[in-house]
Amino acid sequence: MSRYGTKWREDAKAGFFKNLDYPTVFLYLLLVAFGWLTIYAASYDVQLEGQFSLEGRISSQIMWMIVSGVAAIVALTIDDSFYRTITPFFYVGMILLLLLTIFIAPDIKGSHSWLVITDSVRLQPAEFGKLSTALMLSLWLDRYTFDMKKASDLVVAFLIFLLPMSIIILQNETGSALVFVTFVLVLYREGLTGAVPLTGLYAAVLFVLTLSFSGQVWGITHAEHLILPLFIILGILLFSLLHYRVRHLWSFAFGAVTLSFAVAGIASFFFPVDFALSSYVSLALVLGYLVYRFFVGWDRTESLLLLALGGISLLLQSGVIFFFQNILQPHQQNRILVSLGLKSDPSGVGYNVQQSLIAIGSGGFSGKGFLKGTQTKLSFVPEQDTDFIFCTVGEEQGFVGSVLLLGLYLVLLLRLIKLAERQTTRFSRVYGYCVASILFFHLTINIGMVIGFVPVIGIPLPYFSYGGSSLLSFTLLLFIFLRLDAARRPEN
């Protein structure tokens with residue numbers, strides 16, 4: 001046996017038995033076991049009257065649990081340097097597979113994202129695209145010459161996750177694509193200016209406000225044109241306060257808004273006034289002040305950036321309705337409108353959420369008991385063992401079981417952050433934060449979706465929902481990080 005081969009096996013053995021983070025493994029096993037019991041409860045046939053059964057999805061999930069367990073062991077015993085070596089090939093291969101999936105995958109519920117291996121085995125490449133992207137982003141940020149302040153390096157970092165995200169959108173799998181946005185949090189941890197995630201949040205709120213007030217008329221004033229210019233002014237002021245300080249901007253903006261509305265208020269006593277004009281006049285005055293600050297040479301860079309924010313905001317405001325009506329699919333439009341409370345559709349798009357809330361509410365404090373849920377047993381809740389599996393927990397285990405489950409996820413996330421912070425290489429640290437960010441996004445959106453806080457976009461609850469691709473990809477995502485952690489952990 002070669003010296004290299006002996007060292008590889010000794011390193012693998014040490015990494016697996018000595019330095020493996022067993023608390024994280026224990027949390028993983030708890031979630032998978034709890035998830036299988038919940039899948040069993042959600043899929044249980046009430047006609048069996050207490051008989052134990054392993055048919056259908058129950059046995060299929062056991063098979064995927066075994067496959068995932070084997071994959072976890074393999075991930076732990078592979079030399080950690082292998083992951084760095086294979087990452088570029090894995091990433092390019094996944095990009096090609098995602099592109100190929102668009103053309104060869106069958107149409108399943110309007111999405112071309114599933115590869116049908118057999119009648120009972122299907123794989124969703126988008127799930128593994130998160131893994132390859134996390135590794136590739138970690139590798140790119142670990143370059144010795146990487147500089148977050150260097151535009152070309154930052155652009156490539158964004159392209160690494162925007163490319164697979166765009167391809168998955170073309171598969172009409174918007175929910176899985178949105179997960180890739182979470183990589184911005186990783187960049188923020190590595191030194192990206194907070195203005196970037198703040199800009200994303202600002203754009204999202206602007207989008208929601210535009211939809212919420214579009215078409216509403218108060219007297220002769222269109223609500224959209226009254227509210228949004230004021231929101232843009234508020235956004236400019238917040239960005240100025242947090243990142244791009246421009247002297248006297250707050251006082252000038254306050255004076256401009258006060259003067260514009262005071263004049264409109266006085267004029268309204270004599271003739272009808274469209275107060276939206278005051279909003280636009282106020283915004284024009286604020287932008288004009290920024291132009292003045294730019295040309296006089298004071299705060300030039302800051303003024304230019306805030307001017308750009310104002311201009312882009314106006315373009316976004318005017319383009320939201322076009323995007324909503326012409327780009328989004330009808331079912332996506334309905335989901336957003338129902339979630340924002342702009343449309344009531346209890347028998348259509350809103351049916352899933354309505355039945356889910358009924359199931360969770362009926363569980364009360366301690367729940368109805370294992371296999372005793374009525375909403376889930378009678379299949380009132382669609383997708384109750386996949387995307388809406390949390391409602392099964394809420395009905396059968398009640399508030400106590402729901403809090404326990406969320407507590408397990410919280411402990412896991414905090415543990416992953418702790419492990420990521422103690423890494424001795426940037427590659428391992430970035431990858432650890434990628435894992436934590438992906439799990440956080442899935443958990444937040446899935447739970448928010450089930451209780452009606454966010455639109456139904458169809459993403460699974462990690463380690464819990466039924467699905468082989470989901471369980472296998474999340475298992476590999478976690479255990480590759482545990483292997484990197486075991487290899488880099490200090491001996492003391």
Side-chain angles (χ1 to χ4, degrees), residues 64 67-68 71-72 74-75 82-117 121-141 156-187 386-387 427 430-446 457-463 465 467-481 484:
W64 282 111
V67 171
S68 298
V74 172
F82 172 79
Y83 294 113
R84 297 173 62 95
T85 303
I86 199 65
T87 288
F89 305 99
F90 183 33
Y91 178 78
V92 173
M94 283 306 307
I95 293 296
L96 295 176
L97 181 59
L98 288 171
L99 285 170
L100 184 62
T101 302
I102 298 176
F103 302 100
I104 67 173
D107 188 327
I108 300 177
K109 296 181 180 180
S111 171
H112 293 269
S113 60
W114 290 90
L115 296 178
V116 179
I117 310 302
V121 178
R122 298 185 300 177
L123 289 176
Q124 189 176 26
E127 292 292 337
F128 300 94
K130 303 167 193 174
L131 172 59
S132 64
T133 303
L135 286 168
M136 190 64 203
L137 185 63
S138 304
L139 186 65
W140 179 254
L141 266 61
V156 173
F158 271 91
L159 288 177
I160 286 173
F161 62 84
L162 289 177
L163 178 58
M165 178 180 176
S166 302
I167 298 173
I168 294 171
I169 289 176
L170 294 177
Q171 295 176 355
N172 201 18
E173 192 65 34
T174 309
S176 296
L178 288 176
V179 178
F180 288 78
V181 175
T182 195
F183 288 113
V184 174
L185 297 177
V186 180
L187 295 177
T386 53
D387 299 339
F427 177 81
V430 172
Y431 181 76
Y433 270 98
C434 285
V435 176
S437 297
I438 292 171
L439 293 181
F440 173 75
F441 185 91
H442 269 265
L443 174 65
T444 303
I445 299 301
N446 182 274
I457 59 177
I459 61 174
L461 194 59
Y463 310 119
S465 296
S469 295
S470 172
L471 180 59
L472 179 57
S473 64
F474 277 118
T475 298
L476 288 172
L477 194 71
L478 176 64
F479 278 85
I480 288 176
F481 177 55
L484 296 174

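Predicted, not measured: the structure shown is a model, and the values here were computed from it.
The distance from atom CD1 of I438 to atom CG of L131, rounded to the nearest 0.5 Å, is 8.0 Å. We find the CG-CG distance between D107 and N172 to be 8.5 Å, quoted to the nearest 0.5 Å. Rounding to the nearest 0.5 Å gives a distance of 9.5 Å between CG of L163 and CZ of F180. Residue F183 holds its CZ atom at 5.5 Å from OG1 of T133, rounded to the nearest 0.5 Å. Of the inter-residue distances, the one linking L476 atom CG with L471 atom CG reads 9.5 Å to the nearest 0.5 angstrom.
Take S138 and apply the side-chain contact (heavy atoms from CB on, under 4.5 Å) test, not counting sequence neighbours, and it matches F427, V430, Y431, C434. Under the rule for a side chain to side chain donor-acceptor pair (under 3.5 Å), S437 has no partner lying at least two apart in sequence or in another chain. Legend: residues meeting side-chain contact (heavy atoms from CB on, under 4.5 Å) with L170, ordered by chain and number and at least two apart, are I102. Listed by chain and number, the residues in a side chain to side chain donor-acceptor pair (under 3.5 Å) with S469 amount to none (sequence neighbours excluded). Residues satisfying the ring-ring contact (aromatic ring centres under 6.0 Å, His included) test with F474, not counting sequence neighbours, are H442, Y463. For the side chain to side chain donor-acceptor pair (under 3.5 Å) test, residues two or more places apart in sequence or in another chain that qualify with T174 are Q332. In this view, A177 and M165, I168, I169 satisfy the side-chain contact (heavy atoms from CB on, under 4.5 Å) rule, not counting sequence neighbours. Applying the salt bridge (Lys or Arg N to Asp or Glu O under 4.0 Å) criterion to E173, with sequence neighbours excluded, gives no partner residue. Checked against ring-ring contact (aromatic ring centres under 6.0 Å, His included), F82 has no partners two or more places apart in sequence or in another chain. The side-chain contact (heavy atoms from CB on, under 4.5 Å) check on F440 picks up L413, T444, with sequence neighbours excluded.
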What do the steps show when you test S176 against Q124 for side chain to side chain contact (heavy atoms under 4.5 Å, CB included), and what is the final call? CA-CA 10 Å; S176 296; Q124 189 176 26; 4.0 Å; yes
List the steps and the verdict of side chain to side chain contact (heavy atoms under 4.5 Å, CB included) for V184 and F161. CA-CA 9 Å; V184 174; F161 62 84; 3.9 Å; yes
Cut-off 3.5 Å, no hydrogens considered: what does the side-chain donor-acceptor table look like for residues 85-95, sequence neighbours left out?
{"residue": "T85", "atom": "OG1", "partner": "S81", "partner atom": "O", "Å": "3.1"}
{"residue": "T87", "atom": "OG1", "partner": "Y83", "partner atom": "O", "Å": "2.5"}
{"residue": "Y91", "atom": "OH", "partner": "I160", "partner atom": "O", "Å": "2.6"}

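Among all heavy-atom pairs drawn from L137 and A157, the shortest one is CD1-O, 3.7 Å. Looking at every heavy atom in both residues, F481 comes nearest to G432 through CE1-CA, 3.4 Å.
In terms of modelled atom types and a separation under 3.5 Å, the side chain of D387 and the main chain of N446 share no donor-acceptor contact.
For residues 125-137, the pairs satisfying salt bridge (charged side-chain N to carboxylate O under 4.0 Å, His left out) are E127-K130, with sequence neighbours left out.
For the side-chain contact (heavy atoms from CB on, under 4.5 Å) with P125, the qualifying choice from I167, T101, L100 is T101, the only one to do so.
Two residues are said to be in side-chain contact when any heavy atoms from C-beta on lie closer than 4.5 Å; L187 and L141 meet this criterion. Counting heavy atoms from C-beta outward, L178 and I459 have side chains that stay 4.5 Å or more apart. When side chains are defined from C-beta on, W64 counts as touching L472, because their heavy atoms get closer than 4.5 Å.
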